[in-house]
2 protein chains.
Amino acid sequence: MVKRTPEQAEETRRTILAAARHLFETKGYTDTSIAAIVHDAGTTKGALFYHFANKEALFREVWTEVQLEMDAETRAAAAAAISSTDPYAAFLAGTRVYFKWASTQAYQRIVLTDGRAVMGLDRWQENDDRLGRNNVANGLRYLAKQGHISDERVVPMSVMLLNALNGAGFSLSRKDPGVTADNLFEAFEELLRGLR
Amino acid sequence: MVKRTPEQAEETRRTILAAARHLFETKGYTDTSIAAIVHDAGTTKGALFYHFANKEALFREVWTEVQLEMDAETRAAAAAAISSTDPYAAFLAGTRVYFKWASTQAYQRIVLTDGRAVMGLDRWQENDDRLGRNNVANGLRYLAKQGHISDERVVPMSVMLLNALNGAGFSLSRKDPGVTADNLFEAFEELLRGLR
DNA sequence: GCCTTATCATACCAGTGGTATGTAAAACTT
DNA sequence: AAGTTTTACATACCACTGGTATGATAAGGC
């Protein structure tokens with residue numbers, strides 16, 4: 001049997017994506033061969049190259065998948081934490097969830113480490129601006145509207161704060177001595193509240 | 001002629017390193033083939049694999065070379081800017097030079113982007129801790145000793161600030177609208193002076 | 001003057017991402 | 001219902017890659 005129903009085709013597509021995601025996460029992009037992916041997925045290269053243009057396109061789909069999951073979770077956390085007493089509350093809740101993601105191997109390898117190297121900087125920016133940084137910028141814009149930080153600081157600050165969180169995630173996962181999720185995030189909070 | 005004098009051997013080694021550095025900088029690690037390197041260097045694979053264990057080892061030497069140049073320049077700038085009136089002066093002078101490096105294509109591709117992906121996180125950390133982050137940590141330790149920031153903040157802050165600068169470099173080189181080297185660095189300075 | 005050894009050059013190899021082609025079943029046409 | 005087209009793969013193949021094994025030649029020590 002070679003031809004499947006559309007549902008079956010979607011199924012093999014998802015199977016390939018799942019196998020690729022797992023391998024990209026554990027072994028990295030370059031150390032993951034197409035042969036290994038289709039082996040784990042229980043299919044062949046024919047199926048893979050039918051569903052995806054090439055290895056990089058497959059990676060981009062995995063990358064986007066991870067980013068969308070992160071995005072949804074951080075937005076939800078921020079929305080749920082909106083407070084009338086502390087204008088920083090929603091922003092901090094969102095960043096705390098993002099920080100949790102940035103500490104996972106999946107996010108580090110797929111999104112942060114390999115993502116930049118595999119797709120060029122341009123494509124990475126294009127996607128990351130939309131998903132990652134834009135949320136930070138929106139949060140800062142809200143703080144600016146409340147008068148807590150200055151307007152023209154929003155853009156440069158969003159870049160730096162997002163990257164600060166990425167670095168914090170790396171630091172945590174590498175178990176730097178004397179570093180915990182809590183004291184890292186406290187430091188970040190201090191950084192943020194110090195602004196004017 | 002196949003055998004050379006030691007000086008000639010060193011020369012070919014340097015030629016290979018230079019060709020590799022140029023290609024890694026302009027085309028990236030994966031899009032640079034060994035064949036292209038030895039072609040540009042005017043030698044053969046035999047010479048390359050005699051002088052370097054493998055492609056990754058060659059890359060690591062290039063990486064270290066770039067990092068050492070950056071390190072020397074930032075240290076010099078910081079040392080030259082030590083001031084009795086402003087305790088932040090030396091630190092800011094050093095970070096300003098680092099920021100300039102972080103805006104160059106060479107540093108972005110070789111050190112920041114490909115570096116993490118090619119050598120694993122472990123090796124990258126190991127080297128980056130020594131060269132990049134350690135300088136930031138030392139600067140912060142100095143500020144802590146003066147009582148401007150708290151001691152236990154030094155480590156987490158050094159991670160976050162270094163990554164903030166990296167991000168700033170990316171942002172600058174991608175020409176984000178309304179972003180200049182000056183206003184980026186002013187934002188960073190504000191971030192730093194906001195600490196206590 | 002011989003022998004060892006450093007410094008390459010060349011031929012070769014296994015594995016890689018990617019393509020061309022074959023093929024069977026589903027879906028559409030009439 | 002039969003025939004045709006198209007989808008969803010499977011298989012065989014290819015150019016190229018990093019890396020290795022082997023060969024060659026001159027330098028340097030004895």
Side-chain angles (χ1 to χ4, degrees), chain A residues 1-24 26-63 110 114-115 117-120 123, chain B residues 1-24 26-63 110 114-115 117-120 123:
Chain A
M1 166 187 37
V2 177
K3 164 91 192 249
R4 319 288 162 87
T5 92
E7 297 80 35
Q8 287 174 326
E10 254 308 302
E11 169 76 15
T12 60
R13 194 189 144 88
R14 276 197 304 269
T15 310
I16 293 171
L17 264 172
R21 177 169 175 169
H22 182 246
L23 285 170
F24 287 153
T26 53
K27 319 189 73 166
Y29 180 80
T30 45
D31 286 353
T32 296
S33 71
I34 303 264
I37 296 174
V38 297
H39 170 84
D40 283 16
T43 178
T44 66
K45 289 168 65 172
L48 191 149
F49 281 100
Y50 175 77
H51 286 289
F52 306 93
N54 48 36
K55 191 185 178 187
E56 192 184 319
L58 170 58
F59 176 81
R60 268 207 300 274
E61 285 217 27
V62 171
W63 189 92
I110 297 176
D114 285 341
V118 172
M119 4 185 175
R123 276 203 167 279
Chain B
M1 167 187 34
V2 176
K3 165 96 191 246
R4 319 287 162 86
T5 93
E7 297 80 33
Q8 288 173 322
E10 254 308 302
E11 169 75 15
T12 60
R13 191 190 145 88
R14 274 197 306 268
T15 310
I16 292 171
L17 263 173
R21 176 168 175 170
H22 181 247
L23 285 171
F24 287 153
T26 53
K27 318 190 72 165
Y29 179 79
T30 45
D31 286 353
T32 295
S33 70
I34 302 265
I37 296 175
V38 297
H39 169 84
D40 284 16
T43 179
T44 65
K45 289 168 65 172
L48 191 148
F49 281 101
Y50 173 76
H51 286 291
F52 306 93
N54 48 34
K55 191 184 177 186
E56 191 182 321
L58 170 58
F59 177 82
R60 270 207 298 275
E61 285 217 26
V62 172
W63 189 93
I110 296 175
D114 285 342
V118 172
M119 4 182 175
R123 277 203 167 278

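Side-chain atoms are counted along with the backbone in the values below, which use heavy atoms only and exclude waters and symmetry mates. Since the model is a prediction, treat every value here as computed from it, not as a measurement.
- Annotation: side-chain contact (heavy atoms from CB on, under 4.5 Å) contacts of Thr12(A) (sequence neighbours excluded): Arg4(A), His51(A).
- Rounded to whole Å, the distance from CD on Glu10(B) to P on dA6(C) is 15 Å.
- In terms of phosphate contacts, His51(A) brings no side-chain nitrogen or oxygen within less than 4.0 Å of OP1 or OP2 of dA8(D).
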Discussion item. Dot-bracket, 5' to 3', for DNA chain C please: Watson-Crick or G-U pairs under 3.5 Å, [ ] where pairs cross earlier ones, | where the partner sits on another strand, dots elsewhere.
Written reply: .|.|||||||||||||||||||||||||||
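- Each of Arg13(A), Arg14(A), Arg21(A) was compared with Glu61(A) under the salt bridge (charged side-chain N to carboxylate O under 4.0 Å, His left out) criterion, and only Arg13(A) meets it.
- Side chain of Thr43(A), nearest nucleotide from dA9(C), dA10(D), dA8(D): dA10(D).
- Applying the salt bridge (charged side-chain N to carboxylate O under 4.0 Å, His left out) rule to pairs touching residues 46-60 of chain A yields Glu56(A)-Arg60(A), sequence neighbours excluded.
- Here the C1' atom of nucleotide dA8(D) and the CD atom of Glu7(A) are 13 Å apart, to the nearest Å.
- Within the 4.5 Å cutoff, side-chain heavy atoms of Ile110(A) are placed close to those of Phe59(A).
- If you take OH of Tyr50(A) and P of dA24(C), they are 18 Å apart, rounded to a whole angstrom.
- Residues meeting the side-chain contact (heavy atoms from CB on, under 4.5 Å) test with Thr30(A), sequence neighbours left out: Thr30(B).
- As rounded to whole Å, 8 Å separates atom P of dA26(C) from atom CD of Gln8(A).
- One atom, CZ of Arg4(B), and another, P of dG28(D), lie 13 Å apart when rounded to the nearest Å.
- Between Leu48(A) atom CG and dG17(C) atom C1' the separation is 10 Å, expressed in whole Å.
- For Thr12(B), a side-chain nitrogen or oxygen approaches OP1 or OP2 of dC8(C) to under 4.0 Å.
- Closest approach of Asn54(B) to Phe49(B), counting heavy atoms only: CA-CE2, 3.9 Å.
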Worksheet, complete the sentence: With B for base contact, S for sugar-phosphate-only contact and - for none (protein heavy atoms under 4.0 Å), nucleotides 13-20 of chain D reads -----BBB
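- Residue Arg123(A) places its CZ atom among 12 or fewer non-hydrogen atoms of other residues, nucleotides or ligands, all under 6.0 Å distant.
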Could you give the side-chain donor-acceptor pairs of residues 31-43 of chain A under 3.5 Å, partners two or more places apart or in another chain?
residue	atom	partner	partner atom	Å
Thr32(A)	OG1	Leu23(A)	O	3.3
Thr32(A)	OG1	Gly28(A)	O	2.7
Ser33(A)	OG	Ala36(A)	N	3.0

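- The distance between atom CZ of Arg14(A) and atom C1' of dA8(D), rounded to the nearest whole Å, is 15 Å.
- At least one side-chain heavy atom of Ile16(A) sits under 4.5 Å from a side-chain heavy atom of Phe52(A).
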